[in-house]
Engineer: 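Before I ask anything, let me first share the structure, which is written out below as structure tokens.
Naming convention: chains lettered A, B, ... in sequence-line order (proteins, then strands); numbering from 1 in each chain.
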Number of protein chains: 4
Amino acid sequence: MIVVMDLRATEQDVASVEEVLKKFGYSCHFIRGVERLVIGAVGSGHGVPEGLEMMAGVEKIVPIMQPFKLVSREMKSEDTVIEAGMLRLGGGYFSVIAGPCAVESFTQLSVSASVVRASGAAALRGGAFKPRTSPYAFQGLEKQGLEYLAKAREETGLSIVTEVVNPSDVEQVARIADVIQIGARNMQNFPLLREVGRLRLPVLLKRGLCATVEEWLMAAEYILAEGNYNVILCERGIRTFETYTRNTLDVSAIALAKRLSHLPVIADPSHASGSWRLVRPLALASVAAGADGLLIEVHPNPATALCDGPQSLNPGHFQELMAEIEIMVKIFNKTLWRGEEKNDC
Amino acid sequence: MIVVMDLRATEQDVASVEEVLKKFGYSCHFIRGVERLVIGAVGSGHGVPEGLEMMAGVEKIVPIMQPFKLVSREMKSEDTVIEAGMLRLGGGYFSVIAGPCAVESFTQLSVSASVVRASGAAALRGGAFKPRTSPYAFQGLEKQGLEYLAKAREETGLSIVTEVVNPSDVEQVARIADVIQIGARNMQNFPLLREVGRLRLPVLLKRGLCATVEEWLMAAEYILAEGNYNVILCERGIRTFETYTRNTLDVSAIALAKRLSHLPVIADPSHASGSWRLVRPLALASVAAGADGLLIEVHPNPATALCDGPQSLNPGHFQELMAEIEIMVKIFNKTLWRGEEKNDC
Amino acid sequence: MIVVMDLRATEQDVASVEEVLKKFGYSCHFIRGVERLVIGAVGSGHGVPEGLEMMAGVEKIVPIMQPFKLVSREMKSEDTVIEAGMLRLGGGYFSVIAGPCAVESFTQLSVSASVVRASGAAALRGGAFKPRTSPYAFQGLEKQGLEYLAKAREETGLSIVTEVVNPSDVEQVARIADVIQIGARNMQNFPLLREVGRLRLPVLLKRGLCATVEEWLMAAEYILAEGNYNVILCERGIRTFETYTRNTLDVSAIALAKRLSHLPVIADPSHASGSWRLVRPLALASVAAGADGLLIEVHPNPATALCDGPQSLNPGHFQELMAEIEIMVKIFNKTLWRGEEKNDC
Amino acid sequence: MIVVMDLRATEQDVASVEEVLKKFGYSCHFIRGVERLVIGAVGSGHGVPEGLEMMAGVEKIVPIMQPFKLVSREMKSEDTVIEAGMLRLGGGYFSVIAGPCAVESFTQLSVSASVVRASGAAALRGGAFKPRTSPYAFQGLEKQGLEYLAKAREETGLSIVTEVVNPSDVEQVARIADVIQIGARNMQNFPLLREVGRLRLPVLLKRGLCATVEEWLMAAEYILAEGNYNVILCERGIRTFETYTRNTLDVSAIALAKRLSHLPVIADPSHASGSWRLVRPLALASVAAGADGLLIEVHPNPATALCDGPQSLNPGHFQELMAEIEIMVKIFNKTLWRGEEKNDC
């Protein structure tokens with residue numbers, strides 16, 4: 001940590017800062033520049049003395065160490081590979097997770113599942129518990145939705161990815177899901193992160209709408225710190241001033257997260273754009289930026305969807321897109337994974 | 001709802017849109033402009049047909065009605081007044097809630113409480129459950145913190161405002177708190193909102209870091225929809241590109257929320273700035289923008305605080321600020337409330 | 001235009017609004033909903049009565065027509081192809097423009113030019129007039145820089161792309177440049193836009209750091225409205241809350257601009273990221289999102305560059321990237337253009 | 001400047017960095033931490049070696065010195081006071097600048113001028129050259145507008161504040177204006193900044209829509225660096241994700257700019273909100289945050305304004321607001337300045 005002192009800092013100010021730093025376990029190195037004194041606080045210390053910044057004579061504190069440990073490439077240089085049923089992600093494996101925003105009925109889910117399976121997806125997504133902006137909007141089928149998901153897995157072999165929003169539902173959802181999803185709005189729901197951290201089930205962690213890459217990695221760190229190392233990071237668009245699109249897909253974040261962390265990174269072009277017309281270019285751009293997978297909304301009949309219809313692909317568009325994804329994935333020397341039996345052929 | 005059709009929409013496209021709108025309970029009015037056809041969908045309908053936006057020939061959907069009902073001024077024109085122990089907010093009453101970010105020890109809390117009481121605050125804030133970006137940072141004293149808060153109330157008479165982060169802790173926190181706080185990161189933690197909606201205790205709802213005013217009001221709507229009408233809205237700064245300050249206090253949101261809703265609105269200048277040097281100007285600006293109260297971090301010794309030291313006022317600065325707040329509050333014809341006994345004099 | 005009236009609007013309010021609309025050349029259609037009256041203003045009108053929004057009883061105005069005309073796909077459905085010397089962009093042609101941020105010396109420029117030519121670029125970029133945040137930073141070689149650019153063209157045949165920042169320099173720059181660049185900070189420098197609109201030379205128009213896609217297209221509209229239809233749109237990253245990267249490349253904007261407009265769209269991954277390590281993934285993502293070209297900073301020795309060194313590729317990295325770009329461009333059925341003689345072979 | 005080396009930096013990497021730093025005139029201090037080496041580069045150096053960031057083994061560069069010099073409080077601790085005809089701003093003087101967005105006709109301007117004069121404004125604002133998003137919108141009366149402004153000054157004694165958008169118009173505008181305005185879109189139009197820097201006329205510099213406080217101060221630095229020390233900083237709202245308001249007034253920036261710089265700071269609540277209903281709370285909040293003045297749009301008949309009607313106050317609302325401003329200004333121990341003759345009484 002670097003402490004930059006004010007132009008007008010007195011000897012007494014410097015001594016007080018040094019004293020606090022020592023109390024927290026740091027040793028001090030002093031660099032006297034032309035105008036300012038800079039103090040380098042060395043040592044691992046026990047915690048960060050946040051209050052330092054308001055001490056007399058202190059201009060600013062500059063942290064040097066990255067705050068994330070377990071998720072970092074410095075801790076583990078090789079890619080983490082996540083396996084969950086038919087799904088395989090990271091370390092050269094690329095999987096597509098597709099399906100409707102919400103589970104609406106068994107028929108809708110079953111048709112979706114067979115469509116996405118036929119087009120080459122490895123996992124089925126579908127929300128049984130839906131976090132909605134309005135209390136008056138459709139909130140999901142809950143327990144029944146989970147049962148439909150289990151049945152769809154039986155029918156197709158697809159892995160099941162589904163969201164949990166309440167720590168008290170984690171056990172219930174974990175009994176069905178192959179991958180448990182934490183939505184963007186819950187990226188910093190710390191009790192929920194701790195709860196899924198106690199599982200050994202893979203967790204798909206969406207980046208918050210206005211979370212920095214560092215905060216996103218720190219949220220993953222919460223899960224790893226509890227012992228669950230199976231985390232998939234998912235970029236799903238951030239909130240900016242632009243209004244034409246619902247969110248702004250941050251492809252740099254995909255590349256950055258891959259550099260900073262060993263965890264696999266996927267993208268959700270459906271939520272990022274809010275418009276099915278943009279799903280194709282954003283999906284392909286994500287692959288080109290280094291993504292290890294995609295999460296795509298597909299609905300048998302988007303116009304009548306109870307949720308997120310405008311951003312869902314219909315079966316025809318999805319099939320076309322999968323063909324393009326396959327070409328792209330190969331260029332980047334990755335394997336589009338559809339479960340073993342298919343790849344054996 | 002207005003449906004704007006594409007330049008190239010066919011008669012068939014229009015007929016399909018009309019059919020869907022009718023199915024959802026709307027009747028259609030057609031406005032043929034020079035270039036485009038615009039359809040006005042009239043009626044309360046049952047739900048919004050989100051998928052409409054992806055139908056052939058549809059360019060965009062423009063919602064006309066505001067999505068919030070119970071929180072709106074149209075529903076209730078007079079100001080809601082919240083009373084909770086010594087605290088009184090809204091409808092001409094102005095209260096200051098002050099105290100440390102986190103409860104660290106009984107001594108720290110007790111000293112803080114007597115300081116803020118002496119300077120004219122009506123309530124004590126202090127976190128027993130702390131949502132922290134890093135899993136390695138101090139997470140709060142939890143149950144013991146709640147007990148200390150209860151003791152501090154006994155000593156000073158101040159109302160207690162404290163945060164809850166997990167739906168399963170709501171009951172425990174509600175037993176102690178006079179006002180239960182939902183933090184910015186939990187503004188769209190819907191299970192938590194529903195849980196506090198079932199209480200009759202006042203809820204202080206912070207605006208999310210990147211929540212629009214509309215989303216903030218919708219989050220309040222979740223609480224009112226469960227039957228709890230005692231909600232205090234709290235603007236605490238939004239995330240922007242500016243890096244000099246931790247967040248950007250949005251004073252317009254204070255004025256807007258007051259116009260759109262009957263609920264009282266307060267501001268948190270400490271989190272908005274992240275720097276104690278800016279707390280004074282932001283606090284006064286918030287009063288001038290129409291706030292009904294303030295939430296201010298005060299610590300007996302900010303330099304050693306375990307959390308948020310840089311943005312905490314010391315007792316001397318807080319006392320000076322309270323004197324200025326009192327003058328400002330009077331100009332706006334409001335009463336700075338410190339509990340009845342003081343105002344009786 | 002749709003005028004949404006307030007719940008409490010009186011008959012008199014409605015009559016006043018109607019009168020203003022008629023004065024501006026619109027006819028009115030009334031849609032009475034359950035709660036609100038909505039007025040559809042039909043006709044091309046002469047201008048938009050902005051003041052309407054503040055009339056008594058008016059809640060909001062919703063514009064229906066897109067404000068851009070000449071740049072829109074509705075006006076011209078086929079892609080515009082830009083040709084300027086060796087450069088060819090749009091309608092299936094893809095060109096790479098590369099070179100140093102600033103012209104520093106003839107040697108630096110000449111080496112850069114031969115490097116980028118050898119790797120397959122069609123045009124050389126290099127700033128002679130540099131807009132810099134600090135008045136104390138290197139501001140460019142100006143007239144001499146232009147001469148060096150002309151010499152580099154003679155040596156290599158590459159087209160020259162260079163920036164103009166002052167309307168009074170347009171004539172001078174136009175005498176040398178094959179494509180004249182308007183930088184992000186000048187996207188809404190309207191006198192400059194008009195000035196380059198009077199030329200017939202292609203204009204490369206960068207999107208402003210916080211310009212919406214609509215504002216970007218309106219800036220292009222300024223140039224077309226003066227008679228110059230040769231505009232290349234360039235996405236170069238927008239400003240968001242994220243601090244790891246200098247800006248956030250908005251790949252959705254590339255796809256959107258291609259849909260809304262017939263003009264070619266390119267991307268500048270160097271400025272978008274501010275870090276050479278991210279240039280490769282962002283370049284490839286841009287191609288995948290539909291870009292018709294790329295603008296890439298290349299410097300013979302980035303560590304000693306007077307400007308933007310951290311985001312410049314060295315010759316080796318650029319050559320590797322060009323090989324990957326070529327593969328990607330082919331997949332999207334486009335031709336990587338390097339000037340006729342090469343493609344003839 | 002602090003150079004943070006990578007975990008894997010070699011001795012050779014460190015030696016190369018040291019060599020570059022020495023070449024730029026810095027001496028190096030090494031701090032070896034538990035994991036990383038940090039190099040403190042001391043000395044004023046000649047320029048910043050930007051390319052350093054891409055050298056092998058370098059993780060990041062942390063600048064220590066603020067980039068602005070002449071505008072900083074460290075350079076000049078006492079407040080700069082700007083005087084221009086009837087206007088006096090800074091150092092305890094507070095002035096209101098009011099008038100229409102655009103000069104539309106002499107009658108409109110003359111009525112506006114007498115209204116704002118009567119209510120206590122010290123200066124008249126009115127655009128003769130208007131930067132507009134659309135090339136098809138009203139662009140201002142130009143030369144004739146300037147003449148009307150001069151006549152309005154003759155009639156009322158008010159100082160004239162008007163915008164210049166083209167460097168070649170500066171001389172013409174400077175002949176009429178008492179204060180020359182640089183609009184938000186031109187905050188980084190460096191040739192324009194240099195041009196007004198050569199004048200001795202006060203310059204009102206608006207903050208760009210997405211400019212950081214540091215960039216805003218650097219833009220002012222351009223003007224001071226040319227010799228013109230008479231700069232008024234104007235906060236006018238920044239662009240954020242919020243869509244209810246046109247922009248988000250950043251009151252923290254007012255307080256911050258006052259701390260970092262000796263220049264007077266004013267606010268423009270009209271552009272910040274885009275809605276006349278919010279002008280009052282934002283104006284008062286700005287005064288409370290420490291502003292030295294206000295820039296307010298007033299139009300005799302906002303509903304028919306050719307530009308920015310929705311955000312203009314009518315004469316009645318402006319008069320009421322001036323009464324409130326006067327009370328607020330007094331609380332902050334400042335003088336509401338209306339020209340000498342009035343204050344002499």
Side-chain angles (χ1 to χ4, degrees), chain A residues 16 20 23 47-55 61 67-69 131-139 165-169 185-194 208-210 214-215 218-219 221-222 225-226 238-239 275-277 299 301-312 314, chain B residues 16 20 23 47-55 61 67-69 131-139 165-169 185-194 208-210 214-215 218-219 221-222 225-226 238-239 275-277 299 301-312 314:
Chain A
S16 306
V20 170
K23 203 179 296 172
V48 180
E50 293 190 358
L52 216 67
E53 202 156 336
M54 71 146 310
M55 289 182 72
I61 306 295
F68 39 87
K69 315 280 174 215
R132 302 301 299 275
T133 304
S134 167
Y136 311 122
F138 174 63
Q139 309 272 327
V165 295
N166 194 332
S168 66
D169 293 330
R185 282 170 186 76
N186 283 312
M187 193 201 82
Q188 292 192 319
N189 184 335
F190 303 116
L192 190 60
L193 295 178
R194 286 190 190 285
L209 274 79
C210 67
E214 187 174 298
E215 288 168 340
M218 288 307 290
E221 186 82 14
Y222 259 93
E226 292 290 329
I238 56 173
R239 187 162 272 187
S275 159
W276 68 272
R277 287 183 183 92
H299 194 281
N301 184 2
T304 65
L306 292 181
C307 162
D308 283 350
Q311 73 197 35
S312 297
N314 66 32
Chain B
S16 306
V20 170
K23 204 180 292 172
V48 179
E50 293 189 359
L52 216 67
E53 203 156 336
M54 69 145 312
M55 290 183 71
I61 306 294
F68 40 86
K69 314 280 174 214
R132 302 300 299 274
T133 303
S134 167
Y136 311 121
F138 174 63
Q139 309 271 328
V165 294
N166 193 332
S168 67
D169 293 330
R185 281 168 186 75
N186 284 311
M187 194 200 83
Q188 293 192 319
N189 183 334
F190 303 117
L192 190 61
L193 296 178
R194 286 191 190 285
L209 273 79
C210 67
E214 189 173 297
E215 288 168 341
M218 288 307 289
E221 186 84 14
Y222 260 91
E226 292 290 330
I238 56 173
R239 186 161 273 187
S275 159
W276 68 272
R277 289 185 181 90
H299 194 282
N301 184 3
T304 65
L306 293 182
C307 162
D308 282 352
Q311 72 196 35
S312 297
N314 66 30

Engineer: Please confirm whether the backbone N or O of A/L209 pairs with a side-chain atom of A/R239, one donor and one acceptor, at under 3.5 Å?
Structural biologist: no
Engineer: Is there a side-chain contact between B/Y222 and A/R132, using heavy atoms and a 4.5 Å cut-off?
Structural biologist: yes
Engineer: Select, from A/A225, A/P302, A/A137, the one with the greatest count of heavy-atom pairs under 4.5 Å involving chain B.
Structural biologist: A/P302
Engineer: Using non-hydrogen atoms only, which part of B/F190 is less than 4.5 Å away from chain A: side chain, backbone, both, or neither?
Structural biologist: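 For B/F190, the side chain is the part near chain A, not the backbone.
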Engineer: Chain B heavy atoms under 4.5 Å from A/P167: which part of the residue, side chain, backbone, both or neither?
Structural biologist: side chain
Engineer: Quick one: what part of B/S312 sits under 4.5 Å from any heavy atom of chain A, side chain, backbone, both or neither?
Structural biologist: backbone
Engineer: Any idea which heavy atoms bring B/P191 and A/V165 closest together, and the distance?
Structural biologist: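 Closest pair (atom of B/P191, atom of A/V165, distance): CG-O, 3.7 Å.
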Engineer: At a heavy-atom separation under 4.5 Å, does B/F138 approach chain A through its side chain, its backbone, both, or neither?
Structural biologist: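 Answer is neither: B/F138 stays 4.5 Å or more from chain A.
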Engineer: In terms of heavy-atom proximity below 4.5 Å to chain A, should B/E214 be classed as side chain, backbone, both, or neither?
Structural biologist: neither
Engineer: So for A/Q139, is it side chain, backbone, both, or neither that comes closer than 4.5 Å to the heavy atoms of chain B?
Structural biologist: side chain
Engineer: Below 4.5 Å from any heavy atom of chain A, which atoms of B/S134 appear? Answer side chain, backbone, both or neither.
Structural biologist: both
Engineer: Among B/S16, B/G208, B/C210, single out the residue with the greatest number of heavy-atom pairs under 4.5 Å to chain A.
Structural biologist: B/C210
Engineer: Give me the atom names and distance for the closest heavy-atom approach of A/P135 to B/E221.
Structural biologist: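 Looking at all heavy atoms of both residues, the closest pair is CG-CG, 3.8 Å.
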Engineer: Pick one of side chain, backbone, both or neither for A/S275, based on which atoms fall under 4.5 Å of a heavy atom in chain B.
Structural biologist: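 Neither; nothing under 4.5 Å.
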Engineer: Out of curiosity, B/N186 CG to B/L192 CG, how far, rounded to the nearest 0.5 Å?
Structural biologist: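 The CG atom of B/L192 is 5.5 Å from CG of B/N186, to the nearest 0.5 Å.
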Engineer: Are the side chains of B/H299 and B/N314 in contact, using a 4.5 Å heavy-atom criterion?
Structural biologist: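 A side-chain contact under 4.5 Å is absent here.
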Engineer: Counting only heavy atoms closer than 4.5 Å, note whether A/F68 contacts chain B via side chain, backbone, both or neither.
Structural biologist: neither
Engineer: Between B/L52 and chain A, with a heavy-atom cut-off of 4.5 Å, which part of the residue counts as in contact: side chain, backbone, both or neither?
Structural biologist: backbone
Engineer: Considering residues at least two apart in sequence or located in another chain, which fulfil the side chain to side chain contact (heavy atoms under 4.5 Å, CB included) criterion with A/T133?
Structural biologist: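 Applying side chain to side chain contact (heavy atoms under 4.5 Å, CB included) to A/T133 gives A/R185, B/Q188, B/E215, B/M218.
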Engineer: Counting only heavy atoms closer than 4.5 Å, note whether B/R277 contacts chain A via side chain, backbone, both or neither.
Structural biologist: side chain
